[in-house]
Amino acid sequence: MNILLLGSGGREHALAWKMAASPLTDRLFCAPGNAGIAREAVCVNLDIADHPAVIRFCHSNRIDLVVVGPEAPLCAGIVDDLETAGIGAFGPSRAAAQLEGSKGFTKDLCRANGIPTAAYERFRDVDRAKAYVGRTGAPIVIKADGLAAGKGVVVAATLAEAEAAIDMMLGGGLGEAGGELVIEEFLEGEEASFFAICDGTTALPLASAQDHKRAFDGDKGPNTGGMGAYSPAPIVGTAAGARVMNEIVLPTLEATKKMGAPYKGVLYAGLMITATGPKLIEYNVRFGDPECQVLMLRLKSDLVPALLASRDGVIKSIDLRWFDEPALTVVMAARGYPGAYAKGSVIGGLDDAAAVEGVEIFHAGTKEEGGRILANGGRVLDVSATGKTVREARARAYQAVSRIDWREGFCRSDIGARAVEREK
Ligand code: AMP
């Protein structure tokens with residue numbers, strides 16, 4: 001098969017690494033890719049927002065399957081456009097991608113189908129929104145309806161913070177994404193993520209993984225795309241996993257099917273494990289980044305047949321096997337991230353770092369120039385490792401980090417700390 005992967009981050013590098021190893025893969029392309037992905041795939045300089053250009057590329061290169069990494073093209077309907085042009089694609093349709101593209105859409109779907117989630121209301125009007133938080137009190141959570149690159153959620157500890165968030169979002173601070181708000185109850189518990197590959201009717205759960213969202217050690221500092229992850233994540237045990245499937249994921253599939261937009265692709269549920277059981281915080285319609293990196297390291301089976309089965313509606317025939325060994329990834333980011341940061345600094349020592357036993361380095365934001373690897377994004381490298389225990393995986397990953405010569409970068413030093421604590 002000829003496969004085209006869309007995206008340019010660490011998630012896509014891990015997917016490329018896994019798909020390149022498949023006996024089903026003849027040629028693997030990635031648009032636009034990065035310096036690490038270029039070792040696994042032919043990187044092509046395509047604007048993935050230009051759907052006709054992507055379709056032309058697929059026709060002239062006899063692409064059998066397009067795998068879409070990030071959410072933006074999914075929400076823009078790239079899967080619909082590819083399928084209309086007769087090209088197979090892995091991921092949800094535009095209508096189904098609203099599960100990530102509109103928080104209000106997901107909340108209404110939960111309410112209509114009895115799926116456990118925080119109590120909420122939707123608002124377009126500042127005064128009504130403020131009157132509502134006046135009645136509920138704080139803490140309270142203010143969310144922009146649309147895609148806001150991780151900036152659309154404010155967990156307000158006080159009424160003043162809630163009102164400021166309402167003013168900022170409805171005042172246009174997040175552009176179109178903040179034109180409508182979801183205001184919801186603050187949930188208490190421990191957060192967890194749950195991943196499943198869906199085919200429109202049924203779902204196959206993937207291994208568990210947990211990420212670290214805050215920029216600095218001890219979960220301090222601003223929210224980021226994710227500064228590290230590990231798998232398995234013991235918080236979603238077998239019993240909780242079954243509840244998540246039966247109470248959240250399967251009813252969601254049933255609901256999307258009923259509305260004529262059956263969900264296909266990876267469904268990533270962000271959960272709060274509360275005293276009364278798991279509740280849905282949000283859906284993402286693609287693999288998490290950096291969770292995907294640790295999942296791919298632990299996946300023993302071929303990934304490609306599962307992607308095809310999702311598209312073809314035959315996930316029931318797929319059984320994925322996983323290595324027992326845990327995996328962990330440490331994100332190295334450019335200083336300043338998630339705020340302003342510089343691009344173009346030189347990264348050394350990568351071969352030395354990759355030589356540490358069990359280590360795999362995925363590139364998240366790099367480019368090659370004259371044989372040198374340069375930083376080319378906020379999150380730049382995912383230094384990943386497997387080991388007999390999380391402790392061992394973690395020691396290996398940090399040993400590799402210490403061999404990387406990149407003064408302009410930083411990483412957290414406590415990735416997986418809770419999981420290591422649990423191992424004791
Ligand atoms: P989201 O983008 O919806 O996942 O929200 C980002 C983060 O905000 C989540 O990972 C949680 O830490 C927090 N959060 C979102 N909704 C709630 C809620 N209802 N209660 C408590 N924390 C929340």
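Order of listing sets the numbers, starting from 1, for every ligand and every atom in it.
- Per-residue contacts place Lys103 under 4.0 angstrom from the following atoms of ligand 1 (heavy atoms of the residue considered): 2 (O), 3 (O).
- Distances below 4.0 Å separate heavy atoms of Ile281 from the following atoms of ligand 1: 3 (O), 4 (O), 15 (C), 16 (N).
- The proximity of Val155 to ligand 1, defined as any non-hydrogen pair under 4.0 Å, is limited to the side chain.
- Annotation: Arg128, atom CZ; neighbour count of heavy atoms from other residues, nucleotides and ligands within 6.0 Å does not exceed 12.
- If you look at Phe287 and Phe195, their ring centroids are not closer than 6.0 Å.
- Atom 22 (N) of ligand 1 has its closest protein heavy atom at Met272 CE, 3.9 Å.
- At a 4.0 Å heavy-atom cut-off, ligand 1 does not touch Glu188 at all.
- Within 6.0 Å of NZ in Lys213 there are more than 12 heavy atoms belonging to other residues, nucleotides or ligands.
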Go through it in stages, so that I can follow the logic: the residues are Asp302 and Ser22, the test is side chain to side chain donor-acceptor pair (under 3.5 Å), and I'd like the CA-CA distance, side-chain angles, deciding distance and then a yes or no. CA-CA 6 Å; Asp302 190 349; Ser22 169; 2.7 Å; yes
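- Heavy atoms of Lys213 found under 4.0 angstrom from ligand 1: none, in either backbone or side chain.
- The pair Arg111-Glu121 meets the salt-bridge criterion, with a side-chain N (NZ, NE, NH1 or NH2) lying under 4.0 Å from an Asp/Glu carboxylate O.
- Taking 4.0 Å as the cut-off between side-chain N and carboxylate O, Arg335 and Glu408 do not count as a salt-bridged pair.
- Within the listing of ligand 1, atoms 20 (N), 21 (C) sit less than 4.0 angstrom from a heavy atom of Phe186.
- Here is the list of ligand 1 atoms found below 4.0 Å of a heavy atom in Glu184: 16 (N), 17 (C), 18 (C), 19 (N).
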For Asp145 and Ser102: C-alpha separation, side-chain torsions, deciding distance, then whether side chain to side chain donor-acceptor pair (under 3.5 Å) applies. CA-CA 5 Å; Asp145 184 77; Ser102 166; 3.0 Å; yes
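- For Leu187, a nitrogen or oxygen atom sits less than 3.5 Å from a nitrogen or oxygen atom of ligand 1, counting backbone and side chain alike.
- With salt bridges taken as basic N to acidic carboxylate O contacts below 4.0 Å, none links Lys258 and Glu254.
- When hydrogens are left out, the protein atom nearest atom 3 (O) of ligand 1 is Lys143 NZ, 3.2 Å; that is the closest non-hydrogen contact.
- Taking every non-hydrogen atom of Val141 and a distance limit under 4.0 Å, the qualifying atoms of ligand 1 come out as 16 (N), 17 (C), 18 (C), 19 (N), 20 (N).
- The ligand atoms of ligand 1 that sit less than 4.0 angstrom from a heavy atom of Glu282 are 1 (P), 2 (O), 3 (O), 4 (O).
- The option with the heavy atom closest to atom 5 (O) of ligand 1, from among Leu271, Val153, Asp219, is Val153.
- Ring centroids of Phe29 and Phe57 are separated by less than 6.0 Å, placing the two rings close together.
- Taking distance alone, with nitrogen or oxygen atoms compared against 3.5 Å, Glu191 approaches ligand 1 more closely than that limit.
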